[in-house]
2 protein chains.
Amino acid sequence: MTANDHPQSSPDSPTRPHTGRRRNEAAHQAILDAALHLLAESDGTPVTIDAIARTAGVGKQTVYRWWPSKGAVLLDALTDRADQDVPGPDTGALRIDLRAFITTTFDGAQRGATAPALRTLVREAARDPHLADLMQTFTAARRTTLRDLLTRGRERGELAEDTDLDLIVDQIYGVFWYRFLLGHAPLDATVADRLTESLVAGND
Amino acid sequence: MTANDHPQSSPDSPTRPHTGRRRNEAAHQAILDAALHLLAESDGTPVTIDAIARTAGVGKQTVYRWWPSKGAVLLDALTDRADQDVPGPDTGALRIDLRAFITTTFDGAQRGATAPALRTLVREAARDPHLADLMQTFTAARRTTLRDLLTRGRERGELAEDTDLDLIVDQIYGVFWYRFLLGHAPLDATVADRLTESLVAGND
DNA sequence: GTTTATCGAGACTGCTAGTCTTGTCAAGTG
DNA sequence: CACTTGACAAGACTAGCAGTCTCGATAAAC
């Protein structure tokens, strides 16, 4: 998803391939770079479109020609660099898979400049329903991967038949976001381990 | 906490008791009522100070004379009505106490007009560090109560000595806020029950 | 009646998202 | 090469909101 399709993608039908000046791919990248940079720098301060355009050396209109809203730019900037394919380990042992998934999630969110950027993005999403929507499709992929991982474990008998998998998913992502956003407690390997044990306990 | 102390409370020293017009208590209540009403009505839309003042039939300056910021008004409006004393059941059985606490938390947040108001408040807090601070002291009381409840259980031997109580607290509030804010899954008695079992499992 | 502080009303500043305008520039077309 | 088309940078502009400031009115104390 790089939003290359935002401005009338269908309207210019095959009859007329293209005329006029072409889009500047360098500007496109410069905008994403600027957005990611500002997102990572910002200490909770909202990132403005003016700042993105100025940093990228681009007119505001150029930003809005490629993306429909500020939120879309920010999300695109973050996902552009993030691993889009969520691993979903499958070793045959629930405990191993789950611990790996949780550890990867914790680490991934805190690696490099991702953490401040992601925090700022979520804060923006709290007030921008459009962005909240976009983020939901982004997080849905991860939720699905995790749920599949749990389903495999349950099918192998590593979880009780009547286990509420959705609750487990929410316990994991609940703790993750809660600690990630408030920052009052760590999200390290030890926590990942304890959380894993807490969720598979009594079922083996 | 009704912020009666915001405008220079200490400066008017005991030497000069008071002269001039007194504060209008009716306006004070009208502002809180208006804020709570708008908070409850708002479907995610931010509540504005102008709207609060207009609804209360009050000048904006009057609002700012009593509260230092919009966030303070909103939080005050919500806590004015909420039960300030968090129960913290103590029956002598961890499972019972924990289930009661979680159920109360879930129910309390969804009773009456609280839910939309609280959701809006949190969204505002995401962009208003001042409000975020105020909210933290509000939630800290509940976290402490829960942690004490867990400590009592651990001392009775209902949890392993090396149990990470802070992680349990975060698992509970993590799930709560995650579901409360996203609204993708229920926060009912069944969930409270399953969550309780998940957290005390294997320790009895 | 004078002083003093609050009141309602609303003008004002500063900031931001998103739109619109303008003149310029690059890429095809005839 | 001249012309058309559409993207470009720059920035004016609108609309909405938090918080401040001003003003004339009003209420309480003295």
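Residue numbers begin at 1 in each chain, while the letters A, B, ... track the order of the sequences.
When the C1' atom of C:dC7 is taken as reference, atom CH2 of B:Trp66 falls 11 Å away, rounded to whole Å. Protein atom CZ of A:Arg22 is 19 Å distant from nucleotide atom P of D:dT4, rounded to whole Å. For the pair A:Gln61 CD and D:dA10 P, the interatomic distance rounds to 14 Å; values are reported in whole Å. We find that CZ of B:Arg127 is positioned 10 Å from C1' of C:dA17, with the value rounded to whole Å. Residue A:Arg65 contributes atom CZ, which lies 14 Å from atom P of C:dT21 at whole-angstrom precision. Spacing between atom CG of A:Asn24 and atom C1' of C:dT24 amounts to 14 Å, rounded to whole angstrom units. When the P atom of C:dA9 is taken as reference, atom CD1 of B:Ile31 falls 12 Å away, rounded to whole Å. Nucleotide C:dC7 holds its C1' atom 15 Å from the NE2 atom of B:His28, rounded to whole Å.
For A:Lys60 and C:dG18, a side-chain-to-base donor-acceptor distance below 3.5 Å is present, hydrogens and geometry of angles not being considered. Evaluation of atom-type donor-acceptor distances gives a pair under 3.5 Å for the side chain of B:Arg21 against the base of D:dT26.
Side-chain N/O atoms of B:Thr62 include one lying less than 4.0 angstrom from OP1 or OP2 on C:dG8.
In terms of position along DNA chain D, the nucleotide closest to B:Lys70 lies nearer the 5' end than the nucleotide closest to the other residue of the pair B:Lys70 and B:Gly20. Comparing A:Val47 and B:Ala27 by the nucleotide of DNA chain C that holds the closest heavy atom to each, the one mapping nearer the 5' end is B:Ala27.
Candidate nucleotides D:dA18, C:dT19, C:dG8 were compared by shortest atom distance to the side chain of A:Tyr64, and C:dT19 ranks first. When distances are taken from the side chain of B:Arg23 to each of C:dT6, C:dT4, C:dG8, the shortest belongs to C:dT6.
Taking 4.0 Å as the cut-off between side-chain N and carboxylate O, B:Arg152 and B:Glu158 do not count as a salt-bridged pair. Salt bridge status for A:Arg179 with B:Asp170: present, with a side-chain N to carboxylate O gap under 4.0 Å.
Note on ring orientation: taking the six-membered ring where Trp is involved, the planes of B:Phe180 and B:Phe176 are parallel (angle under 30°, cut-offs 30° and 60°).
As judged by a 4.0 angstrom heavy-atom cut-off over every strand, A:Val73 is placed among residues making no nucleic acid contact.
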Fill in: Worked check of salt bridge (charged side-chain N to carboxylate O under 4.0 Å, His left out) between A:Arg127 and B:Glu124
CA-CA 7 Å; A:Arg127 289 242 208 148; B:Glu124 301 264 344; 3.7 Å; yes
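A side chain to side chain contact (heavy atoms under 4.5 Å, CB included) with A:Val73 is found for exactly one of A:Trp67, A:Trp66, A:Tyr64, namely A:Trp67.
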